[in-house]
Asker: 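For reference, the structure I am asking about is given below.
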Amino acid sequence: MSMLAPVRRDRIIAELPQCFHKEAALHSRASFHPQVTGACQEQRTGTVGFKISKIIVVGDLSVGKTCLINRFCKDTFDKNYKATIGVDFEMERFEVLGVPFSLQLWDTAGQERFKCIASTYYRGAQAIVIVFDVNDVASLAHTRQWLADALKENDPSNVILFLVGSKKDLSPPAQYSLIERDAIKVAKEMHAEYWAVSSLTGENVREFFFRVASLTFESSVLAELEKSSARKIGDVVRIRSADGDLYLTAQRRKSKCCR
Ligand SMILES: Nc1nc2c(ncn2[C@@H]2O[C@H](COP(=O)(O)OP(=O)(O)OP(=O)(O)O)[C@@H](O)[C@H]2O)c(=O)[nH]1
Ligand SMILES: [Mg+2]
């Protein structure tokens with residue numbers, strides 16, 4: 001029995017929210033995977049309903065990561081810039097296809113001097129949201145490095161990626177369409193889903209987080225179904241030489257940035 005209060009009515013997801021742009025979508029199916037719908041109807045979602053999925057939000061300083069989270073979680077917008085120091089997080093509870101599902105949204109610092117603290121919280125993410133400012137091409141170019149850093153702490157095959165262009169309200173349509181072309185290219189290279197949002201007006205913010213919750217939920221249920229089919233015994237222990245390298249890289253990075 002759950003001790004928690006019921007999920008807010010505006011956090012109930014009954015249908016798969018659609019992608020922002022078909023060209024750079026994780027998938028463009030019109031509805032949830034049939035196996036997922038079936039599992040939810042038959043209450044075969046295992047531990048998914050008790051899980052909290054970690055989502056990390058990374059990107060250059062001042063691109064609007066904190067404002068994006070605050071717009072969704074608190075429906076507020078602050079026009080003054082207050083740098084995030086290290087990390088912050090917000091919890092959001094959803095109900096997807098009748099199953100409770102929680103997201104822990106980790107808001108990380110973009111400033112170089114706080115990056116070392118922030119990167120220690122990257123581990124164990126189920127989704128990585130890489131934010132850039134649609135009015136700043138350099139911030140788009142830097143997204144590759146943000147992704148590389150976040151992937152050092154996570155298993156690339158188990159994490160889903162979103163590339164988010166922020167501050168859309170400041171970009172005239174003609175200028176926006178130019179950066180969108182580049183952003184879609186980057187998103188495709190990364191295998192990320194592309195979104196453009198405005199935290200000032202709220203445009204696409206709710207739609208984006210609903211999509212994050214839905215796709216994370218879908219992948220959690222599919223993983224649970226695969227696990228319970230108990231056929232892949234060889235998958236239990238996966239020690240590869242590449243993992244060892246990653247560990248060394250993380251150690252080296254840690255000793256360098258914290259000295
Ligand atoms: N016009 C407009 N301004 C925005 C938007 N989102 C954020 N801003 C402004 O951009 C500045 C930086 O926003 P933050 O959300 O604090 O940026 P951040 O990415 O969290 O920065 P760090 O914490 O330093 O990494 C603030 O002055 C915000 O008001 C937006 O959608 N539109
Ligand atoms: Mg911030």
Side-chain angles (χ1 to χ4, degrees), residues 20-21 54-92 103-123 125 127-153 161-180 182-184 186-187 190 192-212 253 257-258:
F20 174 71
H21 205 295
K54 179 174 180 176
I55 313 295
I56 57 168
V57 182
V58 299
D60 276 4
L61 75 150
S62 197
V63 291
K65 301 179 293 297
T66 302
C67 286
L68 177 62
I69 292 174
N70 285 345
R71 170 57 80 197
F72 181 64
C73 300
K74 303 175 184 160
D75 202 15
T76 59
F77 177 80
D78 187 351
K79 64 179 179 7
N80 302 308
Y81 171 50
K82 279 190 232 87
T84 302
I85 297 169
V87 290
D88 224 334
F89 78 85
E90 290 289 336
M91 283 284 293
E92 274 296 331
L103 294 187
Q104 202 175 33
L105 301 169
W106 286 81
D107 177 18
T108 70
Q111 282 198 23
E112 196 58 42
R113 61 192 163 133
F114 303 127
K115 217 175 146 184
C116 182
I117 319 170
S119 62
T120 59
Y121 293 88
Y122 288 174
R123 187 157 297 186
I128 302 171
V129 176
I130 312 138
V131 184
F132 72 98
D133 176 347
V134 295
N135 310 283
D136 175 7
V137 278
S139 70
L140 174 62
H142 298 157
T143 56
R144 291 189 175 91
Q145 189 57 49
W146 284 106
L147 175 62
D149 289 346
L151 288 181
K152 281 178 197 156
E153 309 290 339
L161 306 176
F162 295 88
L163 179 70
V164 178
S166 65
K167 309 191 190 181
K168 194 168 180 278
D169 58 284
L170 294 177
S171 184
Q175 186 187 310
Y176 171 73
S177 60
L178 290 177
I179 197 147
E180 186 183 76
D182 293 344
I184 286 176
V186 175
M190 291 176 168
E193 178 158 306
Y194 173 66
W195 280 76
V197 300
S198 166
S199 306
L200 186 146
T201 65
E203 184 185 354
N204 293 336
V205 172
R206 186 172 184 270
E207 291 82 349
F208 167 65
F209 281 105
F210 269 42
R211 183 81 175 161
V212 173
R253 214 165 48 80
C257 76
C258 297

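Both ligands and their constituent atoms are indexed starting at 1 by order of listing.
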Asker: How many angstroms lie between OG in Ser199 and NZ in Lys167, if you round to the nearest 0.5 Å?
Answerer: 9.0 Å
Asker: Mind checking what makes ring pair (Phe, Tyr, Trp, His ring centres under 6.0 Å) contact with Tyr121, not counting sequence neighbours?
Answerer: Trp106
Asker: So how many protein N, O or S atoms does the Mg ion (ligand 2) have within less than 2.8 Å?
Answerer: 2
Asker: Could you go through ligand 1 and list every pair where one of its N or O atoms sits under 3.5 Å from a protein N or O, giving the atom names and the distance to one decimal?
Answerer:
{"unit_1": "ligand 1", "atom_1": "1 (N)", "unit_2": "Asp169", "atom_2": "OD2", "d": "2.9"}
{"unit_1": "ligand 1", "atom_1": "10 (O)", "unit_2": "Lys167", "atom_2": "NZ", "d": "3.0"}
{"unit_1": "ligand 1", "atom_1": "15 (O)", "unit_2": "Thr66", "atom_2": "N", "d": "3.2"}
{"unit_1": "ligand 1", "atom_1": "15 (O)", "unit_2": "Cys67", "atom_2": "N", "d": "2.8"}
{"unit_1": "ligand 1", "atom_1": "17 (O)", "unit_2": "Gly64", "atom_2": "N", "d": "3.2"}
{"unit_1": "ligand 1", "atom_1": "19 (O)", "unit_2": "Val63", "atom_2": "N", "d": "3.3"}
{"unit_1": "ligand 1", "atom_1": "19 (O)", "unit_2": "Gly64", "atom_2": "N", "d": "3.0"}
{"unit_1": "ligand 1", "atom_1": "19 (O)", "unit_2": "Lys65", "atom_2": "N", "d": "2.9"}
{"unit_1": "ligand 1", "atom_1": "19 (O)", "unit_2": "Lys65", "atom_2": "NZ", "d": "2.8"}
{"unit_1": "ligand 1", "atom_1": "20 (O)", "unit_2": "Thr66", "atom_2": "N", "d": "3.0"}
{"unit_1": "ligand 1", "atom_1": "20 (O)", "unit_2": "Thr66", "atom_2": "OG1", "d": "2.8"}
{"unit_1": "ligand 1", "atom_1": "21 (O)", "unit_2": "Ser62", "atom_2": "N", "d": "2.9"}
{"unit_1": "ligand 1", "atom_1": "23 (O)", "unit_2": "Thr84", "atom_2": "N", "d": "2.8"}
{"unit_1": "ligand 1", "atom_1": "23 (O)", "unit_2": "Thr84", "atom_2": "OG1", "d": "2.9"}
{"unit_1": "ligand 1", "atom_1": "24 (O)", "unit_2": "Tyr81", "atom_2": "OH", "d": "2.5"}
{"unit_1": "ligand 1", "atom_1": "25 (O)", "unit_2": "Lys65", "atom_2": "NZ", "d": "2.6"}
{"unit_1": "ligand 1", "atom_1": "25 (O)", "unit_2": "Gly110", "atom_2": "N", "d": "2.7"}
{"unit_1": "ligand 1", "atom_1": "27 (O)", "unit_2": "Lys79", "atom_2": "O", "d": "2.9"}
{"unit_1": "ligand 1", "atom_1": "27 (O)", "unit_2": "Tyr81", "atom_2": "N", "d": "3.4"}
{"unit_1": "ligand 1", "atom_1": "29 (O)", "unit_2": "Asp78", "atom_2": "O", "d": "2.7"}
{"unit_1": "ligand 1", "atom_1": "29 (O)", "unit_2": "Lys79", "atom_2": "O", "d": "3.2"}
{"unit_1": "ligand 1", "atom_1": "31 (O)", "unit_2": "Asp169", "atom_2": "OD1", "d": "3.4"}
{"unit_1": "ligand 1", "atom_1": "31 (O)", "unit_2": "Ser199", "atom_2": "N", "d": "2.8"}
{"unit_1": "ligand 1", "atom_1": "31 (O)", "unit_2": "Leu200", "atom_2": "N", "d": "3.4"}
{"unit_1": "ligand 1", "atom_1": "32 (N)", "unit_2": "Asp169", "atom_2": "OD1", "d": "2.8"}
{"unit_1": "ligand 1", "atom_1": "32 (N)", "unit_2": "Asp169", "atom_2": "OD2", "d": "3.4"}

Asker: Determine, for Tyr176 and Lys168, whether the Lys NZ or Arg CZ falls below 6.0 Å from the six-membered ring centre while staying within 45 degrees of the axis.
Answerer: yes
Asker: Return the orientation label for the Phe209 and Phe72 ring planes: parallel under 30°, perpendicular over 60°, tilted otherwise.
Answerer: parallel
Asker: In Å, rounded to the nearest 0.5 Å, how long is the span from CD of Glu92 to CD of Glu90?
Answerer: 7.5 Å
Asker: How about Asp107 and Thr66: does a side-chain donor come under 3.5 Å of a side-chain acceptor?
Answerer: yes
Asker: Below 4.5 Å, heavy atoms only, C-beta onward: do Asp149 and Tyr122 meet side chain to side chain?
Answerer: yes
Asker: Are Phe162 and Phe208 near enough that their ring centres are under 6.0 Å apart?
Answerer: yes
Asker: Please list, chain by chain and in numerical order, all residues satisfying ring pair (Phe, Tyr, Trp, His ring centres under 6.0 Å) with Phe132, sequence neighbours excluded.
Answerer: none
